[in-house]
Structure formats: C-alpha cells, structure tokens
Chemist: 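A single structure is presented below for examination.
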Amino acid sequence: MRLCINIDHIATLRQARLEKEPDPVFAASICELAGADGIVCHLREDRRHMVDRDVYILKDTVQTKLDLEMAATDEMVKIACEIKPYMVTLVPEKRQELTTEGGLDLTAAEFRLTPAIEKLKDIGIKTSLFIEPNPDNVDQSLEFGADMIEIHTGKYARLTEPSEVLAELERIRQTASIAKELGIGVNAGHGLNYHNITAIANMQDIDEVSIGHSVIARAVFTGLDTAVKDMLNIIRRIRQ
Ligand code: PXP
C-alpha cells in the first residue's frame with residue numbers, strides 16, 4: 001500500500017505569519033527522501049495554506065507523483081491544466097469548513113464534474129473522486145469517467161462506539177472491494193493517524209492512503225523524516 005503525504009499544514013504554518021518558512025516544497029523533498037510514495041496538496045479557492053507558487057514549483061520538484069486536490073471549479077481546472085500534475089483529486093469545498101468535511105455529492109455535482117473530468121483526462125491527468133464509502137458511489141464515479149476513487153475515512157476516524165466503527169469499516173471494505181472488481185484505483189484518506197491506520201492497511205483492496213494532519217503534527221516533535229518513516233513502518237508491517 002502506497003503512502004502519500006499531504007503537506008498542506010506545512011503551508012498553514014507559513015501562512016500564519018505570511019513568511020517564507022516553513023516551505024512546503026522543502027517538506028515534500030523530505031517526505032520523499034523518507035520514503036513517501038507521493039505528495040498531495042490542496043489548492044483551495046481561499047489559498048488558506050497552499051498558494052499557486054507552491055503547486056507550480058512542486059510540479060517541477062516532486063520526484064514521485066503529485067496529487068493536486070481541488071474543487072471542480074473553472075479556475076482550478078484551468079490551473080491544473082497548466083500545471084499538469086500526475087493526478088487530480090476532486091473534492092467538495094466550502095469556504096467556512098476547517099477541512100474537507102465529506103465526499104462529493106455525486107448527484108448534485110454532475111454538472112460540474114463531467115466537464116472537469118473530461119478536460120483533465122484530455123490532457124492526460126488521472127482523476128480521482130473523493131467519495132463517501134458507499135458502493136453506489138463507485139458505480140457513479142465510473143460513469144463520470146474517474147480513474148480512481150478516494151474513500152473518505154473521516155467518519156471512521158471520528159467514531160468511538162465499537163459497533164459503529166466496525167459498521168463504518170465494513171462500508172469502507174465493501175466500497176473498496178467493489179471498486180477493485182470494477183478495475184478502478186482505490187485510495188483512502190482523511191483523519192488517518194498512527195492508530196487508526198491499522199484497520200485500513202489491513203484492507204488489501206486499498207492501493208494508497210493520503211495522510212496529512214497526523215504526520216505533520218507528529219513532525220513538530222520528531223521531525224518530518226521520522227514522522228513519515230514511523231507511518232511507513234506501521235503500514236509495511238501489515239502490507240508490503
Ligand atoms: N484526502 C482528502 C481528500 C483531503 O481533503 C484531506 C485533507 O486535506 C486528506 C485526505 C488528508 O486528511 P488528513 O489531513 O486528516 O490526514
């Protein structure tokens with residue numbers, strides 16, 4: 001299972017003072033040197049953490065693969081088409097939210113997603129849709145022409161009642177399994193940390209996880225290299 005590191009919160013710290021440091025471009029290189037399989041960054045409409053300059057430079061410096069998270073707006077599709085990252089993950093975005101709050105509403109989003117995916121695919125950018133764990137969403141993602149899905153694990157991460165945790169894990173497992181059967185790539189992410197990653201890493205149908213906050217938070221105390229390696233060690237103990 002591949003580990004991709006979301007470096008948004010390096011930029012959050014920089015933007016707190018509108019200074020030059022810490023630079024997410026530098027962070028991406030450290031993550032890659034520590035063994036990360038990819039770098040994820042979310043360019044938000046309000047540019048609260050990553051800014052355009054970051055994504056343009058990352059496209060040139062990232063050695064593994066760059067996953068640009070974004071809303072399916074005309075502005076973002078234009079930027080993605082200029083930058084040409086390895087892949088784009090389309091997410092819903094609300095100005096007031098602290099972080100992405102859930103998967104795409106695929107029924108409501110149709111009018112935006114279809115032209116966005118077509119434009120991205122036309123120039124060879126792989127497209128992933130961030131979805132709630134529900135097998136119907138996999139069928140719809142395929143209809144939209146997505147190459148991959150990213151299963152939202154945020155609800156699983158927040159639940160504490162064991163029976164609810166198990167039920168949510170089962171929904172994630174079923175969604176991943178159906179996506180695998182249909183031949184679509186399966187990623188997962190949001191809210192994953194050094195504890196709750198174990199159950200996700202045990203799902204053989206999940207190809208890749210995208211993790212940001214917990215790794216960057218640990219890095220404050222251990223350094224980024226160690227924080228990435230600690231996560232990789234947990235994953236590799238379970239999956240090769
Ligand atoms: N996947 C998606 C689609 C996200 O929006 C985010 C947060 O930016 C993540 C994964 C990473 O979540 P976290 O920071 O909670 O690890």
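Ligands are counted one by one from 1 in listed order, and the atoms in each one are counted from 1 as well. Reckoned from all heavy atoms, side chains included, excluding hydrogens, waters and symmetry mates.
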Chemist: Polar contacts were defined as any N/O atom of the residue lying under 3.5 Å from an N/O atom of the ligand; does this apply to Glu69 and ligand 1?
Modeler: yes

Chemist: Specify side chain, backbone, both or neither for His9, according to which of its non-hydrogen atoms lie closer than 4.0 Å to ligand 1.
Modeler: neither

Chemist: Can you pull out the closest protein heavy atom to atom 8 (O) of ligand 1? Residue, atom name and distance to 0.1 Å, please.
Modeler: Asn6 ND2, 3.3 Å

Chemist: Report, in ascending order of atom number, the atoms of ligand 1 lying under 4.0 Å from any heavy atom of Phe130.
Modeler: 3 (C)

Chemist: Does a donor on one side chain sit under 3.5 Å from an acceptor on the other, for Glu150 and Ser128?
Modeler: no

Chemist: Nearest 0.5 angstrom please: Asp67 CG to Met148 CE, how far?
Modeler: 7.5 Å

Chemist: Considering only the protein, which heavy-atom contact is closest to atom 1 (N) of ligand 1, and what is its distance?
Modeler: Glu150 OE2, 2.5 Å

Chemist: Measuring from the heavy atoms of Ser214, does anything fall under 4.0 Å of ligand 1?
Modeler: no

Chemist: What about Gly212: any of its N or O atoms under 3.5 Å from an N or O on ligand 1?
Modeler: yes

Chemist: I need the atoms of ligand 1 closer than 4.0 Å to a non-hydrogen atom of Ile211, numbered in the order shown.
Modeler: 16 (O)

Chemist: So, for Glu132 and His152, which heavy atoms are closest and what is the spacing to 0.1 Å?
Modeler: OE2-ND1, 2.8 Å

Chemist: For ligand 1, which part of His152 has a heavy atom less than 4.0 Å away: the side chain, the backbone, both, or neither?
Modeler: neither

Chemist: Tell me whether Asp52 is salt-bridged to Arg47, with the criterion being a basic N under 4.0 Å from an acidic carboxylate O.
Modeler: yes

Chemist: What atoms of ligand 1 come closer than 4.0 angstrom to any heavy atom of Val91?
Modeler: 3 (C)

Chemist: Taking NZ, NE, NH1 and NH2 as the nitrogens, is one of them in Arg158 or Glu168 under 4.0 Å from a carboxylate oxygen of the other?
Modeler: no

Chemist: Between CD1 of Ile234 and NE2 of His195, what distance do you get to the nearest 0.5 Å?
Modeler: 8.0 Å

Chemist: Going by an N to O cut-off under 4.0 Å, is there a salt bridge joining Lys78 and Glu75?
Modeler: no

Chemist: Which residue holds the protein heavy atom closest to atom 9 (C) of ligand 1, what is that atom called, and what is the gap in Å?
Modeler: His190 CD2, 3.9 Å

Chemist: So does Asp230 pair up with Arg218, basic N to acidic O under 4.0 Å?
Modeler: yes

Chemist: Write out the residue and atom name of the closest protein heavy atom to atom 15 (O) of ligand 1, then the distance separating them to 0.1 Å.
Modeler: Gly191 N, 2.8 Å

Chemist: Nearest to atom 11 (C) of ligand 1 by heavy atom, Ser210, Gly103, Gly189: which?
Modeler: Ser210

Chemist: Would Asp8 and Ile216 count as a side chain to side chain contact (heavy atoms under 4.5 Å, CB included) here? Give the steps.
Modeler: CA-CA 9 Å; Asp8 291 349; Ile216 305 305; over 6 Å; no

Chemist: Which atoms of ligand 1 are found less than 4.0 Å from any heavy atom of His213?
Modeler: 13 (P), 14 (O), 16 (O)

Chemist: Between Arg171 and Tyr156, does the side chain to side chain contact (heavy atoms under 4.5 Å, CB included) criterion hold? Intermediate values first, please.
Modeler: CA-CA 10 Å; Arg171 277 189 282 276; Tyr156 154 65; over 6 Å; no

Chemist: Does Thr89, backbone or side chain, put an N or O under 3.5 Å from an N or O of ligand 1?
Modeler: no

